Novice: 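A single structure is presented below for examination.
Bear in mind that the values here come from a model prediction, so they are computed numbers and not experimental data.
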Amino acid sequence: MKKLKNEAALLKKAIEIGEKYAMNRGYKGFSATNAAKDKVESLYRLLVNDKLVQPLAVDQENQPNMKHKLALWIAKQLPENHPLLK
């Protein structure tokens with residue numbers, strides 16, 4: 001797994017956009033008390049269920065890999081000239 005430039009910022013953006021996507025899909029939303037790891041896992045599983053990201057192998061399903069998948073997902077969604085991609 002090769003780390004992306006600005007991966008932490010991309011993950012933050014992915015969580016932000018992912019929450020909006022989840023709410024549009026009928027999810028009631030996350031509360032301020034939800035842990036980031038819970039948000040990451042929920043969003044990852046939603047995106048896999050909707051076939052927007054390729055699922056990880058069962059033995060590879062862990063927090064760092066899920067975070068990386070979300071960062072890759074949002075990197076592909078952003079326009080080429082977005083500051084997070086530079």
Novice: So which atom in Arg25 and which in Asn49 form the shortest heavy-atom distance, rounded to 0.1 Å?
Specialist: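 Looking at all heavy atoms of both residues, the shortest contact is NH2-ND2, 4.3 Å.
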
Novice: Is the closest side-chain heavy-atom distance between Val48 and Glu61 below 4.5 Å?
Specialist: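 No, their side chains stay 4.5 Å or more apart.
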
Novice: Identify, with sequence neighbours excluded, every residue that meets side chain to side chain contact (heavy atoms under 4.5 Å, CB included) alongside Gln77.
Specialist: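 Scan of Gln77 (side chain to side chain contact (heavy atoms under 4.5 Å, CB included), adjacent residues dropped) gives Trp73, Ile74.
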
Novice: For residues 7-23, which side-chain donor-acceptor pairs fall under 3.5 Å, sequence neighbours excluded?
Specialist:
{"from": "Glu7", "atom 1": "OE1", "to": "Leu4", "atom 2": "N", "distance (Å)": "3.0"}
{"from": "Glu7", "atom 1": "OE1", "to": "His68", "atom 2": "ND1", "distance (Å)": "3.4"}
{"from": "Glu7", "atom 1": "OE2", "to": "His68", "atom 2": "ND1", "distance (Å)": "3.2"}
{"from": "Tyr21", "atom 1": "OH", "to": "Asp50", "atom 2": "OD2", "distance (Å)": "2.5"}

Novice: Of all the heavy-atom pairs spanning Gln60 and Asn65, show the shortest one and how long it is.
Specialist: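 In this case the closest contact between Gln60 and Asn65 is O-ND2, 2.8 Å.
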
Novice: How long is the gap from CG on Leu85 to NZ on Lys5, to the nearest 0.5 Å?
Specialist: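 It is 11.0 Å, given to the nearest 0.5 Å.
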
Novice: Can you confirm whether Lys37 sits close enough to Lys67 that some side-chain heavy atom of one is under 4.5 Å from a side-chain heavy atom of the other?
Specialist: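 Lys37 vs Lys67: side chains apart.
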
Novice: Please check this pair: side chain of Lys69 against backbone of Gln54, looking for a donor-acceptor N/O pair closer than 3.5 Å.
Specialist: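 Checking the backbone N and O of Gln54 against the side chain of Lys69, a donor-acceptor pair under 3.5 Å is found.
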
Novice: Compile the donor-acceptor pairs under 3.5 Å between side chains in residues 27-35 and protein atoms, sequence neighbours left out, one pair per line.
Specialist:
{"from": "Ser31", "atom 1": "OG", "to": "Thr33", "atom 2": "N", "distance (Å)": "3.4"}
{"from": "Ser31", "atom 1": "OG", "to": "Thr33", "atom 2": "OG1", "distance (Å)": "2.9"}
{"from": "Ser31", "atom 1": "OG", "to": "Asn34", "atom 2": "OD1", "distance (Å)": "3.1"}
{"from": "Asn34", "atom 1": "OD1", "to": "Ser31", "atom 2": "N", "distance (Å)": "2.6"}

Novice: Nearest 0.5 angstrom please: Glu41 CD to Leu46 CG, how far?
Specialist: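 Answer for the CD-CG pair, Glu41 versus Leu46, is 12.5 Å.
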
Novice: With a 4.5 Å limit on heavy-atom distance, are the side chains of Leu70 and Leu47 in contact?
Specialist: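 Leu70 reaches Leu47 side chain to side chain.
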
